[in-house]
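Let me begin by presenting the structure, written as structure tokens, before commenting on it.
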Amino acid sequence: MASEKMATLILAAGKGTRLRSRRAKVLHRAGGRALVEHVVRAALPLGGPVFVVIGHQAKEVAALVEPLGAQTILQEPQQGTGHALQVARQALAGFRRALVVPGDAPLVRTETLAALAAKHRADGAAAMLLTAVLDDPTGYGRIVREKDGAVRAIIEQKSANETELAIREINSGMYCFTLERLWGLLGELRPENVHRELYLTDVVALLHRLGERVSAQTAEDPKEILGCNTRGELAEVDRVFRRRKIEALMAAGVTFYLPETSLVDPDVEIGADTIIEPCVELLGATRLGAGVTVGTGSVIADSTIEDEAIVRPHSLVVASRLGRGVVVGPFAHLRDGAEIADGARVGNYVEVKKSRLGKGAKAMHLTYLGDATVGRDTNIGAGTITCNYDGVRKNPTTIGARVFIGSGTELVAPVEIGDGAYVAAGSTITENVPADALGIARARQVTKPGWAVERRSKMAGEKSVAAKPSAGSSTPSNGAKGETSSRQPGQVRGRKAARAKSRRPRR
Ligand code: UD1
Ligand code: MG
């Protein structure tokens with residue numbers, strides 16, 4: 001004797017030919033999750049066990065749904081939705097009733113499934129269908145009713161005549177069945193249709209012919225039953241999910257400018273009074289505190305941003321953490337475990353990878369910090385680069401607190417700069433700089449007064465000779481006079497004249 005218990009059966013074995021994809025349909029994503037994951041998540045709170053019929057890319061689908069708590073049933077080959085039920089019969093043997101839900105209609109909510117099951121229990125019908133009235137019913141099975149309202153049959157799009165095609169009430173593909181009345185009929189299904197498949201929908205006509213009652217409930221919100229058979233439907237369903245999420249966030253006190261342009265994944269959390277400017281993507285396990293501003297065009301994935309922080313426009317923040325009051329961007333790139341402590345600042349065209357910036361530290365312009373630790377209140381000058389990769393390994397750079405790194409510095413890792421030290425602009429630092437020391441590593445400047453004037457007059461002379469070749473050559477000036485005394489180590493004297501004769505100017 002079957003128990004009173006109810007199970008949910010999600011049909012997810014199909015290929016999804018109309019998507020023209022190498023990936024199984026239910027693995028496609030909308031609203032930040034795979035289609036079948038949404039359906040499993042809607043079914044789990046109902047309490048009963050959730051079975052998923054898998055077939056196409058069965059391994060991948062199982063790997064997705066089993067960790068959520070669903071069990072899987074393999075349908076191989078896939079011969080239609082009716083065949084999927086035949087395959088599931090053994091697994092459902094202990095249950096009196098089953099909710100059957102397509103894996104490609106991800107907008108369905110738990111409450112809607114619960115209401116369908118409750119209605120079925122109260123009604124006592126052999127089957128209770130969830131239907132919807134759509135402005136454009138193209139592609140869905142049509143609900144054919146008797147004059148008294150009883151459901152007589154479901155006619156698939158490709159089998160429908162003109163009168164049936166005009167029916168706007170469609171089959172959602174969600175049903176609640178009394179299983180003992182279903183099993184016998186599954187054997188009577190015939191693949192007499194364009195797809196040569198066994199249609200679950202045909203059991204409705206079979207039940208009706210046997211005098212069994214089939215009831216239908218119409219969905220309050222027809223959007224909930226939308227399927228994803230085509231890329232167009234996928235996009236529409238994604239849009240509905242995104243709107244739902246952003247509306248919930250706005251209701252909780254988050255401001256969105258042009259909300260329809262932003263994209264927020266389902267697990268994202270945002271505090272009150274945070275402002276999201278247009279065209280922002282907030283993805284994965286991202287959490288934003290209160291009073292945060294995220295500028296136009298920024299993308300934030302799997303990151304935490306504390307209260308009052310500002311992400312200026314067009315920044316990319318991935319797997320990173322920004323402390324309270326941090327300001328980053330515009331055009332900043334933070335990734336792979338970047339940690340920016342409270343009040344620190346990362347400016348334009350700065351990339352921070354797997355690095356930590358201490359409280360109040362600043363790296364404002366055109367910089368790369370990789371595998372680096374930067375102490376509090378340190379200033380990283382414009383165009384600083386940590387040379388962290390030696391072609392084999394990634395090496396660390398450690399910069400202490402209150403350090404001043406001059407602009408255009410290269411820090412060749414592994415290297416350490418002690419607290420309070422200075423590094424002169426333009427240095428290529430290959431050795432540690434102790435605390436409070438100055439590190440300077442660059443060529444001394446050579447300045448040649450008047451050099452440019454002589455150069456120009458020499459060029460003018462050469463030009464006039466070239467114009468009158470018969471006039472004979474004029475003697476070129478004898479080069480840079482009055483050069484400063486600074487002489488490079490190893491520099492050879494007496495090269496000056498030779499250099500001046502050279503056609504190309506040199507320093
Ligand atoms: C189905 C219904 C249609 C309904 C629509 C609602 C049938 C014959 N038609 O059409 O009346 O309006 O859903 O969305 O049922 N699947 C299997 N095994 C198979 C075939 C399909 O598990 O052998 C799965 C698919 O992966 C999919 C679900 O069943 O998740 C529905 O199949 P699909 O091909 O999308 O049916 P529709 O043409 O949308
Ligand atoms: Mg479908």
Side-chain angles (χ1 to χ4, degrees), residues 8-19 21 23-28 30 34-40 43 51-58 60-62 64-65 72-88 91 100-108 127 129-134 136-144 151 153-160 164-165 167-175 177 186 189-205 216 219 222-234 236-237:
T8 302
L9 185 72
I10 298 172
L11 308 185
K15 180 165 189 281
T17 314
R18 287 161 280 180
L19 285 181
S21 172
R23 203 162 4 132
K25 172 165 57 179
V26 297
L27 291 174
H28 280 259
L35 303 183
V36 67
E37 185 179 345
H38 285 288
V39 183
V40 170
F51 296 97
V52 182
V53 180
I54 58 174
H56 265 281
Q57 297 184 341
E60 289 86 343
V61 180
L64 189 69
V65 301
T72 50
I73 302 165
L74 185 64
Q75 183 196 11
E76 190 63 67
Q78 301 83 37
Q79 294 170 333
T81 47
H83 178 243
L85 263 286
Q86 289 178 354
V87 171
V100 176
V101 190
D104 67 339
L107 286 161
V108 68
L129 320 179
L130 183 70
T131 68
V133 179
L134 299 185
D136 178 10
T138 310
Y140 292 93
R142 308 297 205 278
I143 303 294
V144 181
V151 179
I154 299 174
I155 308 292
E156 293 303 304
Q157 168 90 20
K158 287 190 175 159
S159 315
E164 289 157 348
L165 285 176
I167 298 172
R168 285 171 48 228
E169 186 181 12
I170 60 98
N171 170 31
S172 69
M174 298 170 205
Y175 329 80
F177 288 107
L186 290 180
L189 295 177
R190 297 287 173 267
E192 282 152 15
N193 50 62
V194 278
H195 293 116
R196 316 297 310 150
E197 286 185 349
L198 301 179
Y199 286 170
L200 178 59
T201 44
D202 286 348
V203 301
V204 170
K223 282 213 160 53
E224 253 190 75
I225 57 88
L226 292 179
C228 297
N229 299 301
T230 63
R231 302 271 177 174
E233 289 172 353
L234 254 184
E236 180 51 31
V237 164

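Every number for a ligand or one of its atoms is a count from 1 in the order of the listing. Keep in mind that what you see is a predicted model, and the values were worked out from it rather than measured.
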[X], any N or O under 3.5 Å of ligand 1 N or O:
X: N171; result: yes
X: Y175; result: no
X: A84; result: no
X: G227; result: no
X: P102; result: no
X: I154; result: no
X: R18; result: yes
X: G173; result: no

Original post:
What is the minimum heavy-atom distance between G103 and V39, and which atoms define it?
Top reply: O-CG2, 3.9 Å

**OP:** Write down the atom of H28, the atom of S21, and the distance for their closest heavy-atom approach.
**Re:** NE2-OG, 2.9 Å

Original post:
Using a distance threshold of 2.8 Å, what protein N/O/S atoms lie below it relative to the Mg ion (ligand 2)?
Top reply: D104 OD2, N229 OD1

Closer than 4.0 Å to some heavy atom of [X] - which atoms of ligand 1 meet that?
X: N229; result: 35 (O), 39 (O)
X: S172; result: 6 (C), 14 (O)
X: L11; result: 22 (O), 24 (C), 25 (C), 26 (O), 27 (C), 28 (C), 29 (O), 30 (O)

Where on [X] is there a heavy atom closer than 4.0 Å to ligand 1, on the side chain, on the backbone, on both, or on neither?
X: A12; answer: backbone
X: L200; answer: neither
X: Q75; answer: side chain

Original post:
Between the side chains of Q157 and R142, does any donor sit under 3.5 Å from an acceptor?
Top reply: yes

Original post:
Are any of the heavy atoms in G55 under 4.0 Å away from ligand 1?
Top reply: no

Original post:
So, do V203 and Y175 sit near enough that their side-chain heavy atoms are less than 4.5 Å apart?
Top reply: no

